[in-house]
Chemist: 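I have a structure here, written as structure tokens, and I will follow up with some questions on it.
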Amino acid sequence: MVIVEEKCMQSVPPPPYFPNASTLPPPPFPGEHHGAAKPSDLPPHLLLKIVYMTFPQTPGVDEGKIERQRKTLCWLSTQLRSVNRSFYIACEHVLRSTYLPAYDSMIRPPYSSDPFPFSSSASTSSCDTLQRETKVLDLFIALKVHEDVMVDDSSLHLEREDSFKDLFDLMQPRSRLEDLVRHYGVREGVVHTNPYGVNASSSSSSMFRVNNGGIGSASTSKWTSDLAPVPFSALSISFSPRRVGLVLTASGRKRTIVDVARTRDEKLEVTAKKLALQLKVWLSDGSR
């Protein structure tokens, strides 16, 4: 029987190391010093998995599992996503996918909705997107998580019917219409989304189209040689049930450059096409 004394084993030095001249020195390697690892350094799919694991799967002492999960959603919205960019993207993924069905159910006919970019050129990241309806969805989520927690905490809290009125009577159709004007305007060659401007004399510009099945395909659109497209960042919409205007902001001043009539049951896609065509006429007249 052999007895190994632990202290003797720990005091034995490691064997000498003789590196070859053509190999790297033993670790730690020079120039490879890193700080302490942080949760935000994890790959996005692992960070998203961690966020999903924060949701309780069992009821509490005095509240059910659904109520506890709603509080977790509120915590994601008000606290965790403010930690840094990585957590913000992970939390937004969870919040938007959770509340998108509730958001879609409140869209009022004949309006349509698409809060997520439909082309690769419409968004550079989850934090920076050209799709203006995405901001309306985020406002809806911020209000909805608060209302859900208040209803769960007190039976005396009554959700006001007009809480979401401004969102879906004005902000949602207006932002959706702005996104559609961008889409049809780029197709007509009267709007561009390049933050550094475009060369109006360029012969062609690559763009991305979406067919009825939602499948994108690359195509080429000819710029009209005598038209200088307007930057989308300078355009906004003045929206009312009967009239819609296209507002241009330049040098800190706003002015309505296009104004069209619409009916209450007119689809936003029809209105956007009219605005894009009128903008083309406005540019052709040299009114800019």
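Computed from a predicted model, the values in this text were never measured in an experiment. Because only heavy atoms are used, hydrogens play no part in the values below, and waters and symmetry mates are left out as well, while side chains stay in.
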Chemist: Can you see which heavy atom on Pro229 is nearest to which on Gly189, and at what distance?
Modeler: CB-O, 3.8 Å
Chemist: Let me see the working for Phe239 and Thr271 under side chain to side chain contact (heavy atoms under 4.5 Å, CB included), right down to the final yes or no.
Modeler: CA-CA 11 Å; Phe239 184 86; Thr271 306; over 6 Å; no
Chemist: Can you confirm whether Lys267 is buried at NZ, in the sense that more than 12 heavy atoms of other residues, nucleotides or ligands lie under 6.0 Å from that atom?
Modeler: no
Chemist: Under 4.5 Å between any side-chain heavy atoms of Leu100 and Pro115, yes or no?
Modeler: yes
Chemist: Could you walk me through whether Ser175 and Lys135 satisfy the side chain to side chain contact (heavy atoms under 4.5 Å, CB included) test, starting with their C-alpha distance in whole Å, then the side-chain angles of each, then the deciding distance to 0.1 Å, before giving a yes or no?
Modeler: CA-CA 9 Å; Ser175 60; Lys135 299 178 181 178; over 6 Å; no
Chemist: Just how far is it from atom SG of Cys91 to atom CD of Gln79, taken to the nearest 0.5 Å?
Modeler: 10.5 Å
Chemist: Does the side chain of Glu133 come within less than 4.5 Å of Gln172's, by heavy atoms?
Modeler: yes
Chemist: With a 4.5 Å heavy-atom cut-off, do Leu46 and Pro43 have their side chains touching?
Modeler: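 A side-chain contact exists here, since the closest heavy-atom pair is under 4.5 Å.
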Chemist: Which distance, rounded to the nearest 0.5 Å, do you find between the NE2 of His183 and the NZ of Lys273?
Modeler: 8.5 Å
Chemist: Using a strict cut-off of less than 4.0 Å between a Lys/Arg side-chain nitrogen and an Asp/Glu carboxylate oxygen, indicate whether Arg70 and Asp152 qualify as a salt bridge.
Modeler: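 Result for this pair is yes, salt bridge flagged.
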Chemist: How long is the straight-line distance from CG of Leu139 back to NZ of Lys144, given to the nearest 0.5 Å?
Modeler: 15.0 Å
Chemist: Using atom types as modelled and distance alone, determine if a side-chain donor or acceptor of Thr72 lies under 3.5 Å from a backbone N or O of Arg68.
Modeler: yes
Chemist: Please report the closest heavy-atom contact between Ser233 and Arg132, naming both atoms and the distance.
Modeler: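 Closest approach of Ser233 to Arg132, heavy atoms only: CA-NH2, 3.9 Å.
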Chemist: Does any non-hydrogen side-chain atom of Tyr99 lie less than 4.5 Å from one of Leu73?
Modeler: yes
Chemist: Does a donor on one side chain and an acceptor on the other come within less than 3.5 Å for Glu269 and Ser112?
Modeler: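 Yes, a side-chain donor-acceptor pair sits under 3.5 Å.
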Chemist: Just verifying a value: how many Å separate Ile237 CD1 and Leu268 CG, rounded to the nearest 0.5 Å?
Modeler: 10.0 Å
Chemist: Output a table of donor-acceptor pairs, distance under 3.5 Å, between side-chain atoms of residues 48-62 and any protein atom two or more places apart or on a different chain; print 'none' if there are none.
Modeler:
unit_1, atom_1, unit_2, atom_2, d
Thr54, OG1, Val51, O, 2.5
Gln57, NE2, Phe55, O, 3.2

Chemist: Can you name the closest pair of heavy atoms from Ala142 and Ser77 and give their distance?
Modeler: CA-OG, 4.3 Å
Chemist: Report the C-alpha distance between Phe168 and Tyr111 in whole Å, list the side-chain angles of each, state the deciding distance to 0.1 Å, and finish with yes or no for ring pair (Phe, Tyr, Trp, His ring centres under 6.0 Å).
Modeler: CA-CA 9 Å; Phe168 293 96; Tyr111 303 148; 10.0 Å; no
Chemist: Regarding Arg182 and the six-membered ring of Phe232, is the cationic atom NZ or CZ under 6.0 Å from the ring centre and inside 45° of its axis?
Modeler: yes
Chemist: Hydrophobic cluster membership, with links at side-chain heavy-atom distances under 4.5 Å among I/L/V/M/F/W/Y: are Leu170 and Val136 in one?
Modeler: yes
Chemist: Just how far is it from atom CD of Gln131 to atom CZ of Arg176, taken to the nearest 0.5 Å?
Modeler: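 Output value for this atom pair is 7.0 Å.
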Chemist: Ser113 vs Asp104, test: side chain to side chain contact (heavy atoms under 4.5 Å, CB included). Steps then yes/no.
Modeler: CA-CA 7 Å; Ser113 174; Asp104 285 337; 3.8 Å; yes
Chemist: Using the rule that two of Ile, Leu, Val, Met, Phe, Trp, Tyr join whenever any of their side-chain heavy atoms come within less than 4.5 Å, decide whether Ile141 and Ile107 are in one cluster.
Modeler: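 Both belong to a single hydrophobic cluster.
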Chemist: If you look at every heavy atom in Gly185 and Ala276, which pair is closest and at what distance?
Modeler: N-CB, 4.2 Å
Chemist: Using the side chain to side chain contact (heavy atoms under 4.5 Å, CB included) rule, take Arg96 and Leu137 through it: C-alpha gap first, then chi angles, then the decisive distance, then the call.
Modeler: CA-CA 8 Å; Arg96 290 172 180 174; Leu137 173 61; 4.0 Å; yes
Chemist: Just wondering, do Arg262 and Val270 contact through their side chains at under 4.5 Å, heavy atoms?
Modeler: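 Result no, sub-4.5 Å side-chain heavy-atom pair not found.
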Chemist: If you group Ile, Leu, Val, Met, Phe, Trp and Tyr by side-chain heavy-atom gaps below 4.5 Å, do Leu80 and Leu42 land in one group?
Modeler: no
Chemist: State plainly whether one hydrophobic cluster holds both Val230 and Val260, where clusters connect Ile, Leu, Val, Met, Phe, Trp and Tyr through side-chain heavy atoms under 4.5 angstrom apart.
Modeler: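 Val230 and Val260: one cluster.
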Chemist: Taking the side chain as everything from C-beta on, heavy atoms only, tell me whether His93 gets closer than 4.5 Å to Ile89.
Modeler: no
Chemist: Within this structure, what is the OG1-CG distance for the pair Thr256 and Leu248, rounded to the nearest 0.5 Å?
Modeler: 9.5 Å
Chemist: Taking a hydrophobic cluster as the set of Ile, Leu, Val, Met, Phe, Trp and Tyr residues connected by side-chain heavy atoms closer than 4.5 Å, whether directly or through intermediates, do Trp75 and Leu95 fall within one such cluster?
Modeler: yes
Chemist: Taking side chain as C-beta onward, heavy atoms only, is Leu246 less than 4.5 Å from Gln278?
Modeler: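 Leu246 vs Gln278: side chains apart.
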Chemist: Mark yes or no for whether Lys274, through its side chain, and Ala261, through its backbone, hold a donor-acceptor pair below 3.5 Å.
Modeler: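 Between the backbone of Ala261 and the side chain of Lys274 there is a qualifying donor-acceptor contact (under 3.5 Å).
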Chemist: Show, in sequence, the C-alpha distance, side-chain angles and deciding distance for Asp153 and Lys71, and conclude whether the salt bridge (charged side-chain N to carboxylate O under 4.0 Å, His left out) test is met.
Modeler: CA-CA 10 Å; Asp153 285 346; Lys71 287 186 177 180; 3.6 Å; yes
Chemist: Which heavy-atom pair separates Val145 from Cys74 by the least distance, and what is that distance?
Modeler: CB-CA, 4.1 Å
